[in-house]
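Working notes for the structure below.
FYI, side chains are in, hydrogens and waters are out, and symmetry mates aren't considered; it's all heavy atoms of this structure.
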Amino acid sequence: MWKSIQPAPPDSILGLTEEFKKDQNPQKVNLGVGVYKDEAGNTPVLRSVKAAEKLLLEQQITKSYLPISGDPAYASAVQRLLFDDESDVITASRAATIHAPGGTGALRVGADLLHKFTPNAKVWVSSPTWANHNGIFGAAGFEIDRYAYYDTDNRDLDFDGMLSDLSKIPAGDIVVLHACCHNPSGVDLNSEQWQQVAALAEKNGWVPFLDFAYQGFGDGVDEDRFAVTQFAKSGVDFLIASSFSKNFGLYNERTGAITVVTPSPREASVALSHLKTVIRTNYSNPPAHGGLVATMVLDTPELHTMWLEELAEMRNRIVTMRKMLVTGLAAQGVDGDFSFIEKQRGMFSFSGWSDDVVSSLRKNNNIYVVGGGRINLAGLTTTNIEYVCSSVAAAMK
């Protein structure tokens, strides 16, 4: 049956990593895929995770199926991380949370849930957005459109354009928002801007869907949930897709969650019942290990403290590499002001490098960058930063 079918194109980001792995050049650098790397260029297993896994090995007595929605203790831990213990979302039981297979799985479960009841709604994503948003919501059956977000000329947020576009979106449509550490630009809204967006959602009646994959990679766990807090205060129905891939390093454990926030406990219960029907016909129930690890870390004070320290180490390393990249490019005499890179947050940056520069870096220097110039700052180290800066200087001449 496959003889007359053409191969599907490789994923623009994961396909780049496959090419990188095949590259035999010892100087190769991967600035493409969104995976944290330490100073040695490795994606580490966190100390807090190792400690939790050791406890699990000693204490776990079964490998039986989890419930369709996952372990209730995991859902509770996720909600405390998203809202804090004193939020009325938790105290009034206004949210339904399920354990999804990664942030991608959380987005897809949420998309399928929404399409079940609002098949004619349109999904709005930022321009630009994470490429897989288009694939996920498109595969769920939605028509997709874009709202203004990134100002290419000024390398900053186009907030006026964003507000203008969001103000025209009709009630019932779905707006995908990056809660922090916008992927791919690294440009976020400030607190006042988030308040305006939340007020607009309440006024116009569109449904916010927050992609929250990088909690803790911006300014801190509490600070990064500001957008979530604002929407929770507004009383609107909204969804949050969260992930422990980045902030726990649980990439291959596929540990995420979808949380539906509603005005009342009854509505949350209804939402949970329909989440279960979506899951049952998709993957039946979630993988256990990553959720058990995350729950143990978040529920054990010593491990929780250790995790916060490790998360700060990762966040601070990325900030350091941002500064070193800006300084290094200037030292190499690269034309232009790249100080905007230091103002961005999270792992990513729109570098401003053209596709010609991106192509040259891959062909001549074995440096892998996603088309459009998005770079993962965590792929830089003190060992390769000078090589990267000199290569960019050569490519931009």
In Å and rounded to the nearest 0.5 Å, what is the [atom1] to [atom2] distance from [X] to [Y]?
| X | Y | atom1 | atom2 | result |
| --- | --- | --- | --- | --- |
| Q27 | S391 | CD | OG | 7.5 Å |
| F209 | H133 | CZ | NE2 | 8.0 Å |
| F142 | L114 | CZ | CG | 5.0 Å |
| S126 | W130 | OG | CH2 | 12.5 Å |
| F248 | S243 | CZ | OG | 10.5 Å |
| L16 | R362 | CG | CZ | 5.0 Å |

Would you name the heavy atoms of [X] and [Y] that are closest together and state the gap between them?
| X | Y | answer |
| --- | --- | --- |
| A52 | M296 | O-SD, 3.5 Å |
| A179 | A227 | O-CB, 4.1 Å |
| L82 | V228 | O-CG1, 3.7 Å |
| N384 | G379 | ND2-O, 3.2 Å |
| L298 | R80 | O-NH2, 4.4 Å |
| A257 | V78 | CB-CG1, 3.9 Å |

4.5 Å side-chain heavy-atom contact, [X] and [Y]:
| X | Y | answer |
| --- | --- | --- |
| W353 | L361 | yes |
| Y36 | N42 | no |
| S349 | I341 | yes |
| F217 | M347 | yes |
| Q215 | N247 | yes |
| W124 | L166 | no |
| D237 | V261 | no |
| F348 | L377 | no |

Aromatic ring proximity Y214/H178, centre distance under 6.0 Å: no
Ring centre gap for Y150 and F350 strictly below 6.0 Å: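 Yes.
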Intermediate values then yes/no, side-chain hydrogen bond (donor to acceptor under 3.5 Å, both in side chains), T62 and S64: CA-CA 6 Å; T62 183; S64 184; 4.6 Å; no
Criterion side chain to side chain contact (heavy atoms under 4.5 Å, CB included) on F137 and V176, from CA distance to verdict: CA-CA 10 Å; F137 288 97; V176 178; 3.7 Å; yes
[X] atom [atom1]: more than 12 heavy-atom contacts under 6.0 Å:
| X | atom1 | answer |
| --- | --- | --- |
| E223 | CD | yes |
| R280 | CZ | no |
| E58 | CD | yes |
| Q59 | CD | yes |
| Y65 | OH | no |
| D335 | CG | no |

Single-linkage hydrophobic cluster L66~I258, side-chain heavy atoms < 4.5 angstrom: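 L66 does not cluster with I258.
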Cluster link V293 to V45, ILVMFWY, side chain under 4.5 Å: yes
side-chain hydrogen bond (donor to acceptor under 3.5 Å, both in side chains) evaluation trace for D299 with T295: CA-CA 6 Å; D299 285 352; T295 303; 5.6 Å; no
Trace of the side chain to side chain contact (heavy atoms under 4.5 Å, CB included) decision for L325 with L329: CA-CA 6 Å; L325 178 61; L329 292 173; 4.0 Å; yes
Which residues share a side-chain hydrogen bond (donor to acceptor under 3.5 Å, both in side chains) with T277, sequence neighbours left out: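 Partners of T277 by the side-chain hydrogen bond (donor to acceptor under 3.5 Å, both in side chains) criterion, ordered by chain and then number, come out as K116.
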Report the relative orientation of the aromatic rings in [X] and [Y]; use parallel for angles under 30°, tilted for 30 to 60°, perpendicular for over 60°.
| X | Y | answer |
| --- | --- | --- |
| F338 | F340 | tilted |
| H304 | W307 | tilted |
| Y149 | Y147 | perpendicular |

Side chain to side chain contact (heavy atoms under 4.5 Å, CB included) assessment of H289 paired with E53: CA-CA 9 Å; H289 185 75; E53 288 181 318; 2.8 Å; yes
Residues which pass side chain to side chain contact (heavy atoms under 4.5 Å, CB included) with R47, listed by chain and number, not counting sequence neighbours: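 With neighbours one apart ignored, the set is M306, E310, E313.
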Are [X] and [Y] ion-paired here, with the side-chain N under 4.0 Å from a carboxylate O?
| X | Y | value |
| --- | --- | --- |
| D173 | K168 | no |
| K28 | D23 | no |
| D224 | R345 | yes |
| D112 | R108 | yes |
| K122 | D145 | yes |

Hey, does the side chain of [X] reach the backbone of [Y] with a donor-acceptor pair shorter than 3.5 angstrom?
| X | Y | answer |
| --- | --- | --- |
| R374 | G32 | yes |
| R322 | G346 | yes |
| S234 | F231 | yes |
| R94 | A232 | yes |

Side chains of [Y] and [X]: any donor to acceptor distance under 3.5 Å?
| X | Y | result |
| --- | --- | --- |
| S69 | H99 | no |
| H182 | Q344 | no |
| S390 | Q332 | no |

Pair D337-S339, side-chain hydrogen bond (donor to acceptor under 3.5 Å, both in side chains): steps then yes or no: CA-CA 6 Å; D337 179 8; S339 60; 2.8 Å; yes
Stepwise side-chain hydrogen bond (donor to acceptor under 3.5 Å, both in side chains) check, T305 with E302: CA-CA 5 Å; T305 299; E302 313 88 74; over 6 Å; no
Audit row: V207, L239, side chain to side chain contact (heavy atoms under 4.5 Å, CB included) steps and yes/no: CA-CA 8 Å; V207 180; L239 294 85; 3.9 Å; yes
